[in-house]
Asker: 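Supplied in structure tokens, the structure appears directly below.
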Amino acid sequence: MIRIILGVIVGFIAWTIMWLGSDYVFTASFPWYASEQTRLMLAMLNNKGSFDANTNILLLNIARSVVASFLVGYLSAVIAGENRKSTLALGVLLLGVGIFFEVTTWHYFPVWYHIVFLLLLIPVTIAGGKLRRFSN
């Protein structure tokens, strides 16, 4: 049980590092990404409401989330020594935190983005864990 809890905690921390780290890498590496992120932040602060979000950035965010969720599902399964409880618990934790952040930005982005982002967290995390097979 301790290994499962440790797998979930490490997986959550790793997901957060991958999310923030990939944002930093894209911002530092691609001027178009940095300028678009700046535009979005200013629009959010100034408009305090809906604005035209860049679909490419939203799709990139979903792709970043999918990659991070898959990798941490695998990592959690390796640490936990199993791939069922740890990946499900991690997926639920990611979903819970994801709901919080999506609700706080609900009026800034299209509904399809929030729904797709949240719906992929649990199944992709579980899929990453299934990559690591264990014998009973």
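Heavy atoms only: backbone and side chains are in, while hydrogens, waters and symmetry mates are out.
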Asker: Transitively linked via ILVMFWY side-chain contacts under 4.5 Å: Val103 with Val116?
Answerer: yes

Asker: Supply the atom-to-atom distance Ile99 CD1 to His114 NE2, rounded to the nearest 0.5 angstrom.
Answerer: 12.5 Å

Asker: Using atom types as modelled and distance alone, determine if a side-chain donor or acceptor of Thr104 lies under 3.5 Å from a backbone N or O of Phe101.
Answerer: yes

Asker: Linking I/L/V/M/F/W/Y whenever any side-chain heavy atoms sit under 4.5 Å apart, do Ile17 and Val78 land together?
Answerer: no

Asker: Only one of Thr16, Val10, Val8 forms a side chain to side chain contact (heavy atoms under 4.5 Å, CB included) with Phe12, so which one is it?
Answerer: Thr16

Asker: Looking at CD1 of Ile57 and CD1 of Ile62, how far apart are the two atoms once the value is rounded to the nearest 0.5 Å?
Answerer: 12.0 Å

Asker: Any chance you could measure Leu6, atom CG, to Ile79, atom CD1, to the nearest 0.5 Å?
Answerer: 5.5 Å

Asker: Side chain of Asn83, backbone of Ala77: donor and acceptor closer than 3.5 Å?
Answerer: no

Asker: Can you tell me how far the OG atom of Ser76 sits from the CZ atom of Arg3, to the nearest 0.5 Å?
Answerer: 11.0 Å

Asker: Using the side chain to side chain donor-acceptor pair (under 3.5 Å) rule, collect all pairs that involve residues 56-66, keeping only residues at least two apart or in two chains.
Answerer: Ser22-Arg64, Tyr33-Arg64, Asn61-Arg64

Asker: Within this structure, what is the OH-CG distance for the pair Tyr113 and Leu118, rounded to the nearest 0.5 Å?
Answerer: 9.0 Å

Asker: With a cutoff of under 4.5 Å between side-chain heavy atoms, which Ile, Leu, Val, Met, Phe, Trp and Tyr residues group with Leu119?
Answerer: Trp106, Val111, Ile115

Asker: Side chain to side chain donor-acceptor pair (under 3.5 Å): which pairs involve residues 118-131, sequence neighbours left out?
Answerer: none

Asker: Using the rule that two of Ile, Leu, Val, Met, Phe, Trp, Tyr join whenever any of their side-chain heavy atoms come within less than 4.5 Å, decide whether Ile9 and Leu90 are in one cluster.
Answerer: no

Asker: Between CH2 of Trp19 and OG of Ser69, what distance do you get to the nearest 0.5 Å?
Answerer: 9.0 Å

Asker: Examine Trp32 and Tyr24 and state if one hydrophobic cluster contains both, with Ile, Leu, Val, Met, Phe, Trp and Tyr joined whenever side-chain heavy atoms are less than 4.5 Å apart.
Answerer: no

Asker: Identify the residue among Leu75, Val97, Val72, Leu93 that makes a side chain to side chain contact (heavy atoms under 4.5 Å, CB included) with Trp15.
Answerer: Val72

Asker: Set out, in order, the CA-CA distance, both residues' side-chain angles and the distance that settles side chain to side chain contact (heavy atoms under 4.5 Å, CB included) for Glu102 and Phe109, then state yes or no.
Answerer: CA-CA 9 Å; Glu102 294 305 315; Phe109 301 108; 5.5 Å; no

Asker: Hydrophobic clusters here meaning ILVMFWY residues chained together by side-chain heavy-atom distances under 4.5 Å, can you tell me if Leu20 and Met18 are in one?
Answerer: yes

Asker: Can you find a pair of side-chain heavy atoms, one from Glu82 and one from Ile4, that are under 4.5 Å apart?
Answerer: yes

Asker: Looking at every non-hydrogen atom in both residues, tell me the closest pair between Thr87 and Gly73 and how far apart they are.
Answerer: CG2-O, 3.4 Å

